[in-house]
Structures are given as C-alpha cells and as structure tokens.
Amino acid sequence: QVDENHFDYMDLFDLQMVSNPEISPDGNTIIYERHQFDVMTDRRLVNLWQISFDGKDHYPITSGTKNYGNVSWSPQGDKFAFTSNQDGSNQLYVYWVKSKTTAALTNFTESPGNISWSPDGSQLLFSKFVSELSKAVKPGIPAPPTGAQWEKEADVIDKAVYRRDGGGYVQDGYSHLFIISAEGGTARQLTSGSHQYGSPSWAPDGKHILYTVNKSKNAELDPNNEQIFQQNIITGEVEQLSKERGPFNSPKISPDGKYIAYTGFKDRFVGYQLTQLYLMDRDNKQVEVLSNNFTQDISSITWSKDSKSIYFRFDEEGNSKVGNIDLKGNSTTVAENLGSASIGRPYGGGSYSVSDKGNLAFSHVTTSTPSELAVLGRKSNSQPKLLTSLNENLLKSKKTGNVEEFWVDSSVDGFKVQGWIITPPNFDPSKKYPMILEIHGGPYTNYGSRFSPELQFIASRGYVVVYTNPRGSTSYGEDFAAYINHNYPSEDYNDLMDATEYVVDQGYVDENNLFITGGSGGGVLTAWSIGKTDRFKAAVVAKPVINWYSFVLTADGSPFFSKYWFKDKPWESPEDYLKYSPISLVGNVKTPTMLLTGQEDYRTPMSETEQYYSALKLQGIDAVMVRIAGSGHGIAGKPSNLFRKVGYITNWFNKYKD
Ligand SMILES: CC(=O)N[C@@H](C)C(=O)N[C@@H](C)C(=O)O
C-alpha cells in the first residue's frame, strides 16, 4: 500500500519537465520544450514555451495535444525553425519573432530532422529519409480474381539490419540532405546514392556544408565508420576531410572559418572507446586531438562565437555537465546537473545552448527535482539560476524518497564504485527495510544524481532502492569502462555485491529481504548474479540478454554487436559466447525469478527472455514471464507500461518478502 501523500503513479500526469532549451543569439530569449504526459492517450505531449534570460515574459508559443521540437534559432535571431505534427505528420515550420507568425515550410511524407540555418538566415539545411524502390525478389504469382480474399503479400527482407527497436521493420531507403528557403518553396536534395547522410552543418561562407557519411563498400556490415565530408552546394564538389578509420561525428566549422571541430575515435573494434574532440586546420588539413588531457566522453559540441573555444557535454561521476575547451586543450567545467525529461531510470542526458556572448541555458535536474530550466551568465563568477519551478507545488504536497550518494572500495582491485541509496518516504533508520538492488544496462553508460520517477515509485512502496555504477559504466574514465571490453559480465558482478554489502552494513536493511532487478544489460547482470549467489530472495530479470550467441543474431544491431562486443563471430568461438552468457549459470539458480520484456523489443528480443524462462522452468524454479504489450526496449515510454513495470516488480518481491 502506498501512502496518499507519497509520490505515486498518477502524480506522473502532473509532472512537467523542461527539455532542449534554445537560447537566442543575443542571449535575451530562450525557447524550451515543456514535456508532460496525457492520462487519456498514455503518451508524452511536448509544447514550446518562451522565457527571457532574466526570467520575465514567460509564455507559451504552442499549446494543445500535438508535439513540437527541434527548435533552432536563425543566426540573426529574428526567427526560429522547429518541427511539429500539428497538421498531421511531422513537418518543418518557421516562427517569425516580430510578427509572432508561423508558416509550414514543408508538406513531406517523411519527417525532416537535423535542422541547420545558413549563416545569412535565408536557408535551412536538414535531413530526410528518401525511400528507394525495393530490389527484393518477387513471387510472380497470378493476381487474385476480382473480389477474392487471398492472404496479404509476404514481407521480403534483404537488409542485414532489417528492424530497429522503436522504429519497426526498416523501409528501403536512405537519409539524405536537403536545403529549403526560409520563406518556403521547393526543397533541393544535395546528396545522392545508397548512403546514410547525417550531422549536417554550414560553413560561414554559406557555400559549403559539412556532414558525416559511412561510404564503406558494405556500410551495413561495417558500422561505426562515419567520415567527415565537405560539399560545395553550388558546384556539388565533394571532399572527404577525415582520413583515418572512424567513427567521426558532429563536424562544426569555427565562426572564423579556420577550423573544424568534430568528435570520435580511431576505431580499435571494442565495446568501449573514449570519444574525443578533434580539431582540423581547414588550410593544411592537419588534425590534432584537442581533448588529449580530458578523461570523459565528449558530445554536443558548439563553437564559441569568437572561435577561441568549444563548448561540449560530458558525464563525470554520474553527473552530466557542460565543459569548455580552448584551442590549446585547456578545459573547464561550465555547468553541472544537466538532466533529461525521462520518467524512467536515472540515466544521463540533458542539453544546453549558448548565446553569441556566452550566456548559457540548460535543462537542470537534481535527485529530488525533475528537469527545470537553468541559465548561467557569461562572467566566470556567475552562478546558475533556475528560471522555472514547474513542479514545486506537486513536490510540496507529495513526499519522495531521499537520495544519498556513496562510494565503496572494490574488493577485487583499486577501483572505487559510486552508488546511490533511495530511502522510502518517512524513512526511519531505526527500522529494517527490504532492499532492491536495481542495475543499469548499456553497459557503457551511467546512472547518477538524477530524479527518477521509476525508482521513486519503487521507494514509495516501502523499499530501499540501491543503484550503482559498476565497472563498465561511463563517467569514470576509459580504464573503468573498458575493463569489460570482451569481458562482460565479469568483476562488475563483484562491484554490485560490494555495493550491496555496503548498504546492508548501514544497519537499516533487512538482510533476509534483499531483492535484485535490472533491465537490458542490467537484466544480464541480474541473471548472472542469481547464477552466482543465492543472497537475493527473488529477482526480476527485465529485457535481458541470456545467450550472446542468439542475441548477436537477433538484435537490431547484429553487425555492431557481433563485431564490437566479441572478438569472433559466434560460430568461430562458441565457447567465448557461452562463457559470458547467463544461460551458462542457470543450473545454479535457486532464486524465484520474474522475466519482464516488451513484446516489440527488437534490441533484446523476447526470444532471450523465452530461453531463460524455459530453462528456469526445466530446472523447477519458480518463474513467471511478463510480456508487456505495446512496448519496445524502452518500457517506460508509456506511463501505463512504466506503472506495470513497477507494479509487477514490487508485487513479485512482495510475494517473497518475509
Ligand atoms: C547498446 C544497448 O542498447 N544495450 C542494451 C543491451 C542495453 O543495455 N540498454 C540499456 C541502456 C537499457 O536500459 O535499456
């Protein structure tokens, strides 16, 4: 039973979250996305709001039940582009600030994305899917007689990656780049061929664009080889700029036109490699790694207006931050606690934008507050200021669990492992509580100091929730994450157990009521753990990989997973695949186990869940399989499925709790 004043399921529909704030070039105005959930349609609604940098003039640009996003200011700040499904399918729109008027620029059958303004604000560059006639074999059978009811045509698949989680079965075609006048008219396609083009941006001369494309002979089987190209949009002349084996991404030319900054790494074909920041001199094409002294992954790069430094996003010790690096490689942290509008587990995310003078807007979370809008002035001693408090009333009237960070020394080696404990609302340290260890997936990602409705719902049900970043997690430098390259699961299991012992030692956890769960990579580690120890009373293995051999042949990223997560193909080293598969330990399992997976999960397909379920049943273990309808890999995508996930997990544990 959940107390009436504890944060619970239906409160989700009162939450509002800030995402993707875009600051105008003069730094005076911010347009941000406001996310909320619709109780009637079980889905996310996104509207655009405007606010001044000083917090005044706060009002909606859009309202209602359609979705808006991808805001991008013109360099002059007189207008901004965005995408919306307000007229049916997703289209490109421009909003003129002075007249407060909006025009739809496109009426495509496919959604435009990756919007970038020409330097003079007259044109927009964007990407869009272009379908291709299927070359698949045809059956050549007679047409049915008029009025006959024959079965529908078979689906014929000839692509290596033929379905994508969340996107369904892949259509024949490619993502290409287009330009369109900001005043509308016909869009012009700039790229051609059977390649996926991405990350478009303009050069300051307005005549060249940059983009990434993987032009390997068989790009499908050679993922991760995106290279940087430059194209003259008048003559069509194309030049490949990056020369080494990629992946290289997000190329951006400095405002003075002298340099190109981009992210990536020289591929060593392993699961985790540090993503670095590269700098290319446009005259002599010399390249240097600018972030050589920086130990975290770099993403979301933006040049400062004076071309002297580059802003970027990074995660450090479970905290998502904005950094700035000068052209000598000296870096500073500019802002912390970036957060996303996720309602699931406490993964990283969040976004920032920076004005011409260096004013910053970003989405800000803490362990107790969902994403709000924050700004930071350009002066070095400026302090971040929250401009919104959308959830203040809700969080005043509803109690959430307190979140406390801890660190534990590894029992295996010199690593230190970071974790967090959520205690239930009205926590009393003199009492004993059941505990749930909740394990993240990826595995190359991180949990952190971020508000998580999913874990708060569990805490509201009376459980102490523990989450950690075992080795393999990002945000602790390359050695920590790369430890599990071709070695997963391994001592990450020991890190999880070290964290469990640490929390048990705090004295308020009932040792006889320890439970374990995790999703995806966390499902791998949950199944692995119950194959190694009987310490947990019950387990929920969510959307797991159980057998790496079958996973790399059925997951949506088959060419990637088989090439990067293992040294050989499954049939070349089956013993290697079995060694790291939780199925190899199922004979040891005594723990009652629930499996819980989305019916349309194409990342860790249902067949992984089914194998483990049957194996547990054959072993005579108390097991149940929950198949979530209308869900891919991201079960928390729909509020009702998030509630189901929490409800099934906690009710399974309640069944075994003393
Ligand atoms: C790269 C990837 O998708 N890995 C999955 C197996 C995974 O673990 N996903 C995590 C992020 C999840 O929680 O869904």
Side-chain angles (χ1 to χ4, degrees), residues 161 163-167 223-224 247 270-273 275 297 299 315 318 320 340 342-349 437-448 450 452-455 458 467-475 481-482 484-486 488-489 492 496 516-529 540-566 577 580-582 595-609 611-612 628 631-638 641-642 645-646 649:
V161 178
R163 57 183 188 184
R164 289 211 179 84
D165 187 69
N224 251 18
V270 287
Y272 178 79
Q273 278 184 248
T275 299
D297 293 308
S299 65
D315 285 359
S320 301
S340 76
S342 160
I343 53 170
R345 297 176 288 156
Y347 283 124
L437 175 67
E438 208 287 339
I439 309 169
H440 79 66
Y444 305 109
T445 180
N446 62 78
Y447 275 167
R450 305 161 184 132
S452 160
E454 179 168 340
L455 300 191
I458 299 179
Y467 61 95
T468 71
N469 283 330
R471 67 193 64 201
S473 304
T474 53
S475 80
I484 62 162
N485 280 344
H486 299 157
Y488 170 62
D492 36 5
L496 294 169
I516 184 167
T517 185
S520 199
V524 173
L525 284 164
T526 303
W528 190 258
S529 300
V540 177
V541 174
K543 49 179 183 173
V545 177
I546 288 302
N547 177 349
W548 290 111
Y549 197 126
S550 51
F551 168 74
V552 303
L553 299 177
T554 53
D556 58 355
S558 199
F560 174 83
F561 292 125
S562 58
K563 194 168 185 162
Y564 286 85
W565 285 14
F566 289 87
Y577 280 76
Y580 293 104
S581 293
L595 285 133
L596 185 145
T597 302
Q599 280 177 2
E600 282 125 46
D601 191 330
Y602 299 146
R603 178 62 42 81
T604 50
M606 187 63 91
S607 48
E608 293 300 308
T609 292
Q611 287 178 62
Y612 201 54
I628 303 283
S631 168
H633 197 61
I635 297 173
K638 285 184 186 156
N641 276 339
L642 172 61
K645 183 179 178 195
V646 171
I649 290 175

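When a ligand or atom number is given, it counts from 1 through the structure's own listing order.
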*Asks:* Excluding sequence neighbours, so at least two apart, what forms side-chain hydrogen bond (donor to acceptor under 3.5 Å, both in side chains) with T526?
*Replies:* none
*Asks:* Which residues pass the side chain to side chain contact (heavy atoms under 4.5 Å, CB included) test with T597, sequence neighbours left out?
*Replies:* K543, P544, D601, M606, T609
*Asks:* As an exercise, state the distance from CD1 of I484 to CZ of R471, rounded to the nearest 0.5 Å.
*Replies:* 10.0 Å
*Asks:* Strictly distance-based, threshold 3.5 Å: is any side-chain N or O of S340 a donor or acceptor partner for the main-chain N or O of G349?
*Replies:* no
*Asks:* For ligand 1, list every N/O pair with the protein closer than 3.5 Å, one pair per line with the distance.
*Replies:*
unit_1   : atom_1 : unit_2 : atom_2 : d
ligand 1 : 3 (O)  : R603   : NH1    : 2.6
ligand 1 : 4 (N)  : G442   : O      : 2.8
ligand 1 : 8 (O)  : G442   : N      : 2.6
ligand 1 : 8 (O)  : S520   : OG     : 2.6
ligand 1 : 8 (O)  : G521   : N      : 2.9
ligand 1 : 9 (N)  : S520   : OG     : 2.9
ligand 1 : 9 (N)  : H633   : NE2    : 3.4
ligand 1 : 13 (O) : R345   : NH2    : 2.6
ligand 1 : 13 (O) : Y347   : OH     : 2.6
ligand 1 : 14 (O) : K543   : NZ     : 3.1
ligand 1 : 14 (O) : H633   : NE2    : 2.9

*Asks:* Listed by chain and number, what are the side chain to side chain contact (heavy atoms under 4.5 Å, CB included) partners of P453, not counting sequence neighbours?
*Replies:* F7, L12, L15, I343, F451, F457
*Asks:* Looking at R164, is its backbone amide N or carbonyl O close enough to the side chain of D556 to form a donor-acceptor pair, meaning the two atoms are under 3.5 Å apart?
*Replies:* no
